[in-house]
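Along the sequence shown, residues carry numbers from 1.
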Amino acid sequence: MSENNDPQKFVYDFTEGNKDLKDLLGGKGANLAEMTNLGLPVPPGFTITTEACKVYLESGEAPTALRDEVSAHLAALEARMGKRLGQADDPLLVSVRSGAKFSMPGMMDTVLNIGLSDASVAGLATQSGDERFAWDSYRRLIQMFGKTVLGVDGDLFEEALEAAKHAKKVTVDTDLAAADLKKLVKQFKKIVETEAGREFPQDAREQMDLAINAVFDSWNTDRAKLYRRQERIPGDLGTAVNVCSMVFGNLGPDSGTGVAFTRDPASGHQGVYGDYLQNAQGEDVVAGIRNTVPLADLESIDKKSYDQLMQIMETLENHYKDLCDIEFTIERGQLWMLQTRVGKRTAGAAFRIATQLVDQGLIDEAEALQRVNGAQLAQLMFPRFDDDAKTELLGRGIAASPGAAVGKAVFDSYTAIKWSRSGEKVILIRRETNPDDLEGMIAAEGILTSRGGKTSHAAVVARGMGKTCVCGAEDLEVDTKRRRMTVGGTVIEEGDLVSIDGSTGKVYLGEVPVVPSPVVEYFEGRMHAGADDADELVAAVHRIMAYADRVRRLRVRANADNAEDALRARRFGAQGIGLCRTEHMFLGERREMVEKLILADTDDERESALAALLPLQKADFIELFESMDGLPVTVRLLDPPLHEFLPDITELSVRVALAESRKDANENDLRLLQAVHKLHEQNPMLGLRGVRLGLVIPGLFAMQVRAIAEAAAHRKNAKGDPRAEIMIPLVGTVQELEIVREEADHVIAEVQAATGTDLKLTIGTMIELPRAALTAGQIAEAAQFFSFGTNDLTQTVWGFSRDDVEASFFTAYLEKGIFGVSPFETIDKDGVGALVRSAVEAGRATRPDLKLGVCGEHGGDPESVHFFHEVGLDYVSCSPFRIPVARLEAGRAAAESRGSDSR
């Protein structure tokens, strides 16, 4: 019941709705009503609302009032058309079509020609003067109704149709005569009776009611649910049902059906785009039963209808102020509009169309910004394989980091580095990667693993570097010892060429040609807007990005660990570094120094190891502060557990055992093995790491703080403007932060005194544990900034090990609808997001000037950026290649919130 106690209205005539009622009438019904209001030639009809569908899906029955409402609207339609549904001499025929709020092409059901029966088919033949047309329409009804409503296998009808064409020695259905179609109708009816256990219904109203229920049911088919999960469409919206008087495109050569676009959905260019099929009904175009002709050919086929269609297309585009996708039918020279909607388009077309519409004065810059999104921009930045190239598919994994990469197969980091230095392009193939593989990953064009998911080490690091990555390709058997990969009967040896597509997860044998991205060249400063197609796209991207930067409130920083990444990030528009992970500075040749620190038995040994690391750390920070001069650089002190810097326990044990059997054991290996056993933890990510390391290993954090302070002093004395921020990881209680900060303040004071500089270094913490979020008010007393580490926060809130869960049960959770998307990809607003929101409020209540940011993977996720804008963060930080996406989405979030405020 409605609020005013009037009975709920479940049916709306096309004359009663408008395009703003998509929640109630679905996209198709709302747009049919809008076209009717515009005076365009729309066949009369009515729409059954999504509310009726919800009642049906909840109770298993249509609302009680629905039948009477449908009867009243059907009677009005019959009066308007001057004929009744299913009457024998001149039948009214209708279509029953789905129409959800969001376009779900091909996912739900449609039935055409409802109202035909053994009695009325003859009347249709007489009324139309075309017996073949009447029997063709009847066979179409039985075929669609049988498959859609009664659940008959559609192949049975197709096989019978093919047999009829074969018997007549023709290749297309339009060559079947009326007599052939009569026989086919008999066969189709027999198929229905055999397979469905009932006769094809001869009562027209029964046909219509059953078809309406079938459309309701199609909302929850497996294909519809899968599509909704992929497109993130809520499952509780339901679908509307549109009952429309039939117009016929299969009445001969002066009839037909087609699809038109007001602009090219592939490029965005203006022109005549679409397909037309003579003597056909709409489903024929979609099904590809016969070859269509280009829409431009309609001008020579039916000039009057073509001119009228062009005028209508212009009217619709100006009215909707966007690219429109149109379905139409021509019945004996009379044009009818069957559907319009804002058309889907490629990423490039989206940017071009948005700026074109601004230039035409149809929309403003704020609306243009809302017409594009970060996912589309990301697509434009990925290198891609040439679609026209011949390929040999080896297998498929998880599309972990987009792009297209080609190189020689290598199976360890050493070889990747060695070959890369010799000028070879390589693909690093591993079962799974670990921090030891970092240099090899940097050297490689792309990374391929047979294990892991989108948040595995390989995936996270690859995305951070902008490297193409395919993970979890389980069909690939990787043998690192024999340096080969096996797929079925194919063996890929080291040195063989392979190609990986990080946008699809596909793995190919050999080299697939790669097409570079002009958008990345633009962000890198290597391309400017000009005249050709690529430059036109770049110009459109430039204009929209410029507006996004003008309106956004959120600043965008980079996750970068070295000067090279920092400079690239700066070119991409970064406004500082939000996360420098110092652990990446301890790999490679410096690993032995870290081993000495871990093996130190005395204070002297430990101080010696730290003293050796100090100048190396200082040199790293000098380069970083120089590349980011004038912008903030947040340096996270050492975070991962120490075992990550030691050899693998299994490999080391084997090495020591073999050496002992030969009686030539290495003393250092023995000490390392002892240390590995000592540091071994059942769950190292919840063990001795982060701030805990700084508290139990004397001098470790002090060395890092000294390196940061001395590097900042060096830069300042060189007339630079270093803006270092020191971040303490994994704090769970304010007492931890207070102890570390007291030590850090002491070190900074010493450096200031020794260098004669005034260092304005700030000290803050990562909020990555639930307890830290819940006690943020206390922690803010000792912290000058918070940076939310949403990777670990998601892990600890959910109780997930992100290295394990994607491979074990995430697929099942996504399929069952428990997740719409992985919580490691898009922030879980209800759980993790609630902690972020409360921590923001509590932190700022204690310290109003508290600077707030985020540096987890979510910092570059489009949907998550909108959430961070909403809760009041100051900045997001993400990998360099995600910076343009974050900039765009920060602008969209600001424009969206302004629009909401104005309303």
Side-chain angles (χ1 to χ4, degrees), residues 576-583 585 603 606-607 610-611 613-615 617-618 620-622 624-625 628 631-639 689-717 720-769 772 775-787 789 843-844 846-853 855 874:
I577 291 176
L579 176 63
C580 168
R581 293 156 290 205
T582 54
E583 59 268 19
M585 300 173 175
D603 289 346
R606 185 180 64 255
E607 289 171 7
L610 290 171
L613 286 168
L614 175 61
Q617 283 266 272
K618 177 181 174 180
D620 290 332
F621 295 135
I622 287 174
L624 205 58
F625 295 156
M628 276 287 167
L631 296 175
V633 177
T634 304
V635 181
R636 183 179 72 185
L637 302 186
L638 198 63
D639 180 49
R689 55 170 289 219
V691 68
R692 301 157 194 171
L693 285 172
L695 293 173
V696 302
I697 301 180
L700 175 61
F701 277 9
M703 179 275 292
Q704 290 194 287
V705 171
R706 185 175 298 277
I708 294 167
E710 289 183 357
H714 177 277
R715 183 65 191 150
K716 193 162 188 178
N717 287 331
D721 182 16
R723 300 186 183 183
E725 302 172 344
I726 299 169
M727 184 158 66
I728 316 302
L730 211 75
V731 163
T733 177
V734 67
Q735 288 85 356
E736 293 171 315
L737 183 57
E738 287 171 342
I739 294 170
V740 173
R741 181 166 182 181
E742 183 178 355
E743 180 183 39
D745 286 339
H746 178 69
V747 170
I748 293 167
E750 287 184 345
V751 173
Q752 288 186 127
T755 60
T757 54
D758 180 19
L759 301 176
K760 293 181 171 56
L761 304 183
T762 58
I763 298 176
T765 186
M766 283 188 88
I767 302 295
E768 50 192 325
L769 296 174
T775 60
Q778 298 174 24
I779 292 174
E781 294 175 1
Q784 293 169 282
F785 67 86
F786 287 168
S787 179
R844 285 227 167 104
T846 298
R847 188 186 291 266
D849 63 346
L850 184 70
K851 187 185 295 184
L852 299 167
C855 60
D874 296 304

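- A side-chain contact (heavy atoms from CB on, under 4.5 Å) with Leu637 is found for exactly one of Glu583, Met727, Arg581, Gln704, namely Gln704.
- Between the CD1 atom of Ile697 and the CZ atom of Arg692 there is a distance of 13.5 Å, given to the nearest 0.5 Å.
- Under a 3.5 Å cut-off, the side chain of Arg706 and the backbone N or O of Leu614 do not form any donor-acceptor pair.
- No side-chain heavy atom of Val705 sits under 4.5 Å from any side-chain heavy atom of Leu761.
- For the residue pair Glu710 and His714, no side-chain donor N or O sits within less than 3.5 Å of a side-chain acceptor on the partner.
- Of all the heavy atoms in Ala713 and Val751, the pair that sits closest is CB-CG1, 4.4 Å.
- Between Phe625 and Ala724, the shortest heavy-atom contact is CZ-CB, 3.6 Å.
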- prompt: Taking it one step at a time, do Phe786 and Arg847 satisfy side-chain contact (heavy atoms from CB on, under 4.5 Å)?
  reply: CA-CA 11 Å; Phe786 287 168; Arg847 188 186 291 266; over 6 Å; no
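- Counting only heavy atoms from C-beta outward, the side chains of Met766 and Asp639 never approach each other to under 4.5 Å.
- From Arg844, atom CZ reaches atom CG of Leu850 across 6.5 Å, with rounding to the nearest 0.5 Å.
- Summarising the geometry, atom CZ belonging to Phe701 is positioned 12.0 Å from atom CG belonging to Leu610; distances are rounded to the nearest 0.5 Å.
- A donor-acceptor pair under 3.5 Å links the side-chain atoms of Thr582 to the main chain of Arg636, judged by distance alone.
- Side-chain contact check for Thr733 versus Thr775: every heavy-atom pair is 4.5 Å or farther apart.
- In plain terms, the two heavy atoms of Ala783 and Gly764 that are nearest each other are CB-CA, 4.2 Å.
- At least one donor-acceptor pair closer than 3.5 Å links the side chain of Asp874 to the backbone N or O of Leu852.
- When atom types are taken as modelled, the side chain of Thr765 and the backbone of Ile728 share a donor-acceptor pair closer than 3.5 angstrom.
- Looking only at side-chain heavy atoms (C-beta outward), Ile577 and Thr634 stay at 4.5 Å or farther from each other.
- Nearest heavy atom pair, residue Ala782 against residue Val734, reads CB-CG2, 4.0 Å.
- From Glu750, atom CD reaches atom OG1 of Thr755 across 11.5 Å, with rounding to the nearest 0.5 Å.
- Summarising the geometry of Pro698 relative to Arg606, their closest heavy-atom pair is O-NE, 3.2 Å, with the distance given to 0.1 Å.
- A distance of 11.5 Å separates CD1 of Ile708 from CG of Leu759, quoted to the nearest 0.5 Å.
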field: CA sep, side-chain torsions, deciding dist, call: Leu579, Ser787, side-chain contact (heavy atoms from CB on, under 4.5 Å)
entry: CA-CA 9 Å; Leu579 176 63; Ser787 179; over 6 Å; no
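- No side-chain heavy atom of Arg689 sits less than 4.5 Å from a side-chain heavy atom of Pro729.
- Leu631 CG to Arg723 CZ: the interatomic distance, rounded to the nearest 0.5 Å, is 7.0 Å.
- Panel note: side chain Arg741, backbone Ile763; no donor-acceptor pair is recorded below 3.5 Å.
- Contact annotation: the side chain of Glu768 approaches that of Leu730 to within less than 4.5 Å [non-hydrogen atoms, C-beta and beyond].
- Gly843 and Ala780 get closest at one heavy-atom pair: O-CB, 3.7 Å.
- Side-chain contact check for Asp758 versus Gln752: some heavy-atom pair is nearer than 4.5 Å.
- Arg715 places none of its side-chain heavy atoms less than 4.5 Å from the side chain of Met628.
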